[in-house]
Number of protein chains: 2
Amino acid sequence: MAKEDLNTEQKILLAAKKIFVEKGLEGARMQEIADEAGINKALLHYYFRSKDKLFDGVFKEAFASLLPSILSLLKQDIPLFEKIRLFTSQYIEIFKENHYIPGFVLHELNRNPKRIIDLISTVGIKPEIFMKQVEEEVEKGTIQPIDPRDLIVNMLAMCIFPFVAAPILKNIIFNKDEEAFALFIDERKKTVPQFIINSLKKNV
Amino acid sequence: MAKEDLNTEQKILLAAKKIFVEKGLEGARMQEIADEAGINKALLHYYFRSKDKLFDGVFKEAFASLLPSILSLLKQDIPLFEKIRLFTSQYIEIFKENHYIPGFVLHELNRNPKRIIDLISTVGIKPEIFMKQVEEEVEKGTIQPIDPRDLIVNMLAMCIFPFVAAPILKNIIFNKDEEAFALFIDERKKTVPQFIINSLKKNV
DNA sequence: GTCTATATTGTGATAGAC
DNA sequence: GTCTATCACAATATAGAC
């Protein structure tokens, strides 16, 4: 769908998303959003009462639209290694398509934890089932002993961190070569699960 | 040194650091910084010409003060596994003491990549030596094959991410138990290097 | 160096015509 | 629904007394 075919509300949301993501809540200017949307400030207030309300709308969409689908994966009845492979590769792919999301979410999370926590509560992320699955494998002795919380944090870290730190990584590791970095990220859909599974595998 | 013994400039820097870290550049108010420092707004402009200049001063100190020491470790002539153990445990310890730094740096990195990149250039981070060491071990066949860039990114990710995502992790994994989270972070000084080394070790 | 008071500019928000 | 014009206030920055 072309930009021109969107109705005004959609144009506003699209523009607001771009500006909020780039500048954060305080950094963004309503004027800038209006310009980006090709309308004037007054209309922003007509559709959304205030800047805060507009932000909430944008954030909710950006955050909630992509997390539930992938996180439901953790609950499903799939062998552990397979689950890790699916989760990490899909997560990295999603962030590759929406590379601005992690930084955006993490920043607002630190700026206003309560707001974000509330939002997450409505989505309802429950990692307990995954953690239990890990515990069982450890007890059975089929994988190396590990705290399931460490495993889940490490998984998230390796999937998300490269996107948050992208500018710095591009610079000190990839000599500003954007393409090489993109390739590297794509490769990580395979190397990350491999790295994790290598760590969990028993020496035989 | 007690807070009262600091001279005005130091008091300002300390206060500004606290507020900027908490609120970000745009979120921070000069009035708030002045209150925190126990002085008035005018003095802020007397010592630092503008808000931007004040921010630069704070950021440079916060960032540059802790990175060089730890990163020099990567260059030293130490066995790989030992180096990984030292690097990760020290890194996590530093961030434990300065848990606000990662979020602060990463946000400003995304807001103004150029500014931060310039700063890093002056500090001069060079991971080449570490990467070469990894490559050599891979060639010798003493560790699992791995792209050294993946290893370094994974190391950084596992050290830094938990601090950036702290509010969300506390909530969904630790049921808001601050103490349990602090303990978890402390444990990671051991579990993270172990996780990495497990992944690199050859099955024997 | 430090203060109070004030200037100046920004920006979110609203009123009212069309 | 969309616009122009304007308000109200907040925030950075400066002037000038002490």
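Throughout, protein chains are lettered first and strands after them, A, B, ... in sequence-line order, and every chain is numbered starting at 1.
With rounding to whole Å, Asp35(A) atom CG is found 12 Å from dG12(C) atom P. The interatomic distance linking Phe48(A) (CZ) with dG12(C) (P) rounds to 16 Å, in whole Å. Atom pair Lys41(B):NZ and dA11(D):P shows a separation of 9 Å (rounding to whole Å applied). Rounded to an integer number of Å, the gap from NZ of Lys51(B) to P of dT12(D) is 5 Å. Following rounding to the nearest Å, Tyr46(B) (OH) and dA5(C) (P) show an atom-to-atom distance of 21 Å. Arg29(A) places its CZ atom 5 Å from the P atom of dT11(C), with the value rounded to the nearest Å. If you take NE2 of His45(A) and C1' of dG1(D), they are 16 Å apart, rounded to a whole angstrom. Across the protein-nucleic acid pair, Asn40(A) atom CG and dG1(D) atom P stand 15 Å apart, rounded to whole Å.
Among the duplex regions that DNA chain C forms, those built from at least three successive Watson-Crick or G-U pairs under 3.5 Å are C:1-9 with D:10-18, C:11-18 with D:1-8, ordered by first number.
Glu179(A) CD: 12 or fewer foreign heavy atoms inside a 6.0 Å radius. Crowding of Lys189(A) atom NZ: a count of heavy atoms from other residues, nucleotides or ligands under 6.0 Å exceeding 12. More than 12 heavy-atom neighbours from other residues, nucleotides or ligands sit within 6.0 angstrom of CD on Glu128(A). Within 6.0 Å of atom NE2 in His99(A), 12 or fewer heavy atoms from other residues, nucleotides or ligands are found, so the atom counts as exposed in its surroundings.
If you check the side chains of Asn112(A) and Glu108(A), you find no donor sitting under 3.5 Å from an acceptor.
Residue contacts shown for Ala34(A) are absent, as no nucleic acid heavy atom lies under 4.0 Å away.
Nearest to the side chain of Thr8(A), among dT2(D), dG12(C), dA13(D), sits dT2(D). When distances are taken from the side chain of Ala42(B) to each of dT4(D), dG1(D), dC3(C), the shortest belongs to dC3(C).
Syn is the classification of dG10(C), since its glycosidic angle stays within 90° of 0.
Looking at every heavy atom in both residues, Glu137(B) comes nearest to Thr142(B) through OE1-OG1, 2.5 Å.
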#### Entry: Worked check of side-chain contact (heavy atoms from CB on, under 4.5 Å) between Phe195(B) and Leu151(A)
CA-CA 9 Å; Phe195(B) 186 84; Leu151(A) 179 55; 4.2 Å; yes

